[in-house]
K.L.:
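Take a look at this one; I'll ask things after.
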Amino acid sequence: MSLQIKSFEEYREQYKKSVENPSEFWGKVAENFVWKKKWNTVLEWDFDKPEIKWFDGAKLNITENCLDRHLETRGDQTAIIWEANDPSEASVKLTYKELHTKVCQFANALKKQGAKKGDRICIYMPMVPELAIALLACARIGAIHSVVFAGFSASALVNRINDAQCNIVLTSDGGYRGVKKFEVKSIVDEALAETPSVEKSIILKRTGCVVTMQEGRDIWWHDAIADMDTHCEAEEMDAEDMLFILYTSGSTGKPKGMVHTCGGYMVYTAYSFQNVFQYEPNDIYWCTADIGWITGHSYIVYGPLASGATTVMFEGVPSYPDGGRFWEVVAKHKVNQFYTAPTAIRALQKNPIELVTKHDLSSLKTLGSVGEPINEEAWNWYNENIGKGNCPIVDTWWQTETGGIMISSLSGVTPQKATFASLPLPGIQPILITEKGEILEGETKGRLAINHPWPSIARTIYGDHKRYKETYFSAFKGMYFTGDGALRDADGNYRITGRVDDVIIVSGHNLGTAPIENHINEHEAVVESAIVGFPHDIKGNALYGYVILHDGVAHSDTLRKEINNQIAHSIGPIAKLDKIQFVSGLPKTRSGKIMRRILRKIASNDIDQLGDISTLLNPEVVAEIIEGRIG
Ligand code: PRX
């Protein structure tokens with residue numbers, strides 16, 4: 001594939017070019033795609049406004065790049081391999097021709113239900129092939145998809161649907177995940193009672209569970225596509241038209257609807273996919289993420305399909321029917337590139353090694369990691385037992401906001417270093433900087449910012465450009481601030497050390513502390529609460545909550561359960577607290593700010609060096625909290 005860098009020397013050359021003349025560099029990369037009309041300018045940008053335009057004036061449809069253009073060259077090649085939750089259920093293989101047909105057919109069904117260019121369509125579905133078809137069908141007609149992970153609660157769904165004013169919801173009756181058969185439609189029903197903008201809902205039958213259909217609003221997927229033409233002209237989109245919205249937690253306030261646009265996102269996800277994973281024709285590539293997250297958008301659907309790859313979609317979980325499932329699937333489909341999260345690796349490494357060794361993993365060429373820092377033990381286990389010491393590991397650092405992989409080795413091409421994401425991709429210019437804004441050179445440690453746009457940077461927060469500016473472009477003038485800390489070694493390799501704000505990454509999922517605290521505080525027994533993260537050997541971090549109750553309310557496990565139910569109800573089970581300690585007060589500064597540093601140390605049982613607490617408003621509370629700490 002012409003986009004691929006094949007040697008370290010070439011990487012250095014390309015990197016240099018990408019920094020010296022970004023427009024020329026990305027203009028050349030973009031020539032590898034199908035455009036209905038070429039751009040006027042490659043890049044126009046101003047990080048102060050902030051405003052970023054890639055390939056301005058160009059016209060395209062991303063689905064023509066993901067589907068139509070492959071029909072002649074690889075129409076009969078498998079585009080998607082779908083592996084069911086239950087290993088005894090047959091896998092599904094869709095060729096590029098079949099996928100194209102299904103996308104066009106569903107795109108026509110969407111139009112029939114009233115969908116049109118610019119509409120926001122919410123997708124709340126389990127990991128079935130129709131989920132990928134749904135994304136592509138929206139893109140085909142120029143509707144903006146907003147996928148909400150099907151583990152979020154009804155109330156989280158309400159917020160996201162209302163924020164984007166979606167008029168259509170695509171969903172299923174239920175879904176399977178491990179031993180669980182979970183309801184999906186009933187959650188949507190609960191949500192739709194509070195979402196006046198929604199006019200239609202299309203429901204896929206997956207589990208056959210009983211559902212209530214609302215006349216005039218709800219229609220079955222199979223009825224919606226019946227008699228639909230399998231030809232659908234791709235809508236002409238501006239490069240800067242919105243492709244999708246995807247919500248991510250902020251450290252404060254409601255989730256942020258990150259907006260990605262058509263042209264730059266397509267170019268960068270395909271470019272990074274081909275380079276990081278070094279995908280070769282006929283390879284089988286598997287990313288285990290859910291399409292409800294950015295990793296699934298960029299590296300299950302768009303990047304691989306725009307590259308003509310064969311991409312695996314998995315409905316289940318790594319532990320079902322046993323902890324060898326991932327390896328069984330690798331062997332079954334002869335997977336060549338395998339991309340997962342450190343939390344999965346840590347969980348799987350606890351299993352008897354026979355669950356790995358009984359499967360033939362010899363097809364593997366590249367292993368990937370994403371979502372959180374990978375600790376050395378997990379890295380070594382992955383390398384030795386899964387890669388058999390033969391597969392490069394790409395530790396890919398990026399974010400929902402960046403749209404694509406920013407810092408990572410290129411498999412087998414650039415050097416890897418355990419626990420380091422390593423070098424930036426061409427076009428990515430990382431900076432380490434102090435809290436005060438002094439740029440740091442050489443081997444050092446600091447806050448990670450990026451000082452030049454790349455094609456897949458999110459363009460705004462849907463409906464709140466001011467917040468976009470404040471969150472990402474106000475900490476350091478003229479730079480995008482990531483919210484992460486990092487260190488750089490003498491060779492320029494980056495190691496991400498974790499968030500420097502109040503976002504905690506639990507099992508690879510971003511959780512903001514303030515929104516969870518707000519939900520806890522809504523409980524009638526609660527006065528105030530503070531949440532911090534503490535190290536957890538599988539999840540990476542887990543949540544520890546300190547909760548002040550009203551006078552006279554008894555401390556009880558029932559109350560702990562109620563608090564967690566409240567969180568599960570308002571956000572989703574992923575945000576539940578591992579430990580809840582009832583306290584009489586929280587350590588505060590004289591200006592009333594909670595000293596989270598102290599709470600973090602206590603939660604992590606690192607109580608020897610709490611630092612000076614004498615300046616606190618209420619130093620006496622610290623001893624009480626240490627005393628009542630939940631170990
Ligand atoms: O803290 C970083 C961490 O995940 C955050 C982004 O989360 P999200 O938007 O949900 O996207 C996750 C998938 C791209 C980052 O700010 N993170 C992601 N990848 C890594 C990582 N931390 C360390 N190493 C990584 N490879």
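On a predicted model such as this, the values are computed, not experimentally measured, just so you know. Both ligands and their constituent atoms are indexed starting at 1 by order of listing. Just the heavy atoms: all of them, side chains too, but no hydrogens, waters or symmetry mates, feed the values below. In what follows, residues are counted from 1 in the order of the sequence shown.
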K.L.:
Among all protein heavy atoms, pick out the one at the shortest distance from atom 25 (C) of ligand 1; state its residue, atom name and that distance to 0.1 Å.
P.N.:
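The closest heavy atom on the protein side is Glu372 O, 3.5 Å.
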
K.L.:
In terms of atom number and element, which parts of ligand 1 are under 4.0 angstrom from non-hydrogen atoms of Trp398?
P.N.:
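What qualifies from ligand 1 is 6 (C), 14 (C), 15 (C), 18 (C), 19 (N).
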
K.L.:
Closer than 4.0 Å to some heavy atom of Val370 - which atoms of ligand 1 meet that?
P.N.:
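Checking each atom against Val370, I get 13 (C), 14 (C).
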
K.L.:
Considering only NZ, NE, NH1 and NH2 on the basic side and carboxylate oxygens on the acidic side, decide whether Arg596 and Glu517 come within less than 4.0 Å.
P.N.:
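Salt bridge flag = yes for Glu517 with Arg596.
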
K.L.:
Below 3.5 Å, N or O to N or O, backbone or side chain included: is there any such pair between Thr482 and ligand 1?
P.N.:
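N/O-N/O distance under 3.5 Å: no.
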
K.L.:
Distance to the ring centre below 6.0 angstrom and angle to the axis at most 45 degrees; does that hold for Arg177 and Phe182?
P.N.:
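Yes - Arg177 lies over the ring of Phe182, closer than 6.0 Å to its centre and within 45° of its axis.
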
K.L.:
Between Trp26 and Tyr268, does the ring pair (Phe, Tyr, Trp, His ring centres under 6.0 Å) criterion hold? Intermediate values first, please.
P.N.:
CA-CA 9 Å; Trp26 288 111; Tyr268 194 78; 5.6 Å; yes

K.L.:
In terms of atom number and element, which parts of ligand 1 are under 4.0 angstrom from non-hydrogen atoms of Thr396?
P.N.:
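The list of qualifying atoms is 19 (N), 20 (C), 25 (C), 26 (N).
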
K.L.:
Students should be able to answer this: which protein heavy-atom is nearest to atom 7 (O) of ligand 1, and at what distance?
P.N.:
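For atom 7 (O) of ligand 1, the nearest protein heavy atom comes out as Asn510 OD1, 3.1 Å.
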
K.L.:
Under the ring pair (Phe, Tyr, Trp, His ring centres under 6.0 Å) criterion, do Phe152 and Tyr247 qualify, and how do the steps go?
P.N.:
CA-CA 12 Å; Phe152 277 120; Tyr247 288 85; 9.5 Å; no

K.L.:
Within 45 degrees of the axis of the six-membered ring of Phe473 and under 6.0 Å from its centre: does Lys469 put its NZ or CZ there?
P.N.:
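Relative to the ring axis of Phe473, which defines the angle, Lys469 lies outside at least one limit.
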
K.L.:
Looking only at heavy atoms of Pro373, does any of them come nearer than 4.0 Å to an atom of ligand 1?
P.N.:
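Pro373: in contact with ligand 1 (<4.0 Å).
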
K.L.:
For Asp491, is there any backbone N or O sitting under 3.5 Å from a side-chain donor or acceptor partner on Asp489?
P.N.:
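Judged by distance alone, yes, a pair lies under 3.5 Å.
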
K.L.:
Identify, by atom number and element, the atoms of ligand 1 in contact range of Arg499, meaning under 4.0 Å from any of its heavy atoms.
P.N.:
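Contacts of ligand 1 toward Arg499, numbered from 1: 1 (O), 16 (O).
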
K.L.:
Give me the residue, atom name and distance of the protein heavy atom closest to atom 11 (O) of ligand 1.
P.N.:
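Its nearest protein heavy-atom neighbour is Thr400 N, 3.6 Å.
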
K.L.:
Among Thr419, Asp484, Ile294, which one has a heavy atom closest to atom 1 (O) of ligand 1?
P.N.:
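Residue with the shortest heavy-atom distance to the ligand atom: Asp484.
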
K.L.:
For Tyr320, does the six-membered ring have the charged nitrogen or CZ of Arg325 within the cation-pi criterion, i.e. under 6.0 angstrom from the centroid and within 45° of the normal?
P.N.:
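The answer is no, since Arg325 fails at least one limit relative to Tyr320.
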
K.L.:
Within a strict 4.5 Å, meaning less than it, do heavy atoms of the Lys477 and Asp48 side chains meet?
P.N.:
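They are in side-chain contact.
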
K.L.:
Could you walk me through whether Tyr544 and Tyr546 pass the ring pair (Phe, Tyr, Trp, His ring centres under 6.0 Å) check?
P.N.:
CA-CA 7 Å; Tyr544 193 118; Tyr546 299 91; 4.7 Å; yes

K.L.:
In the protein, what heavy atom is nearest to atom 13 (C) of ligand 1, and what distance, to one decimal place, separates them?
P.N.:
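Protein heavy atom at minimum distance: Thr295 OG1, 3.4 Å.
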
K.L.:
Does ligand 1 have an atom that lies less than 4.0 angstrom from a heavy atom of Gly371?
P.N.:
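Flag set, Gly371 near ligand 1.
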
K.L.:
For Ile505, take its heavy atoms, then give the atoms of ligand 1 lying under 4.0 Å from any of them.
P.N.:
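Answer, ordered by atom number: 1 (O), 2 (C), 3 (C), 4 (O), 5 (C).
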
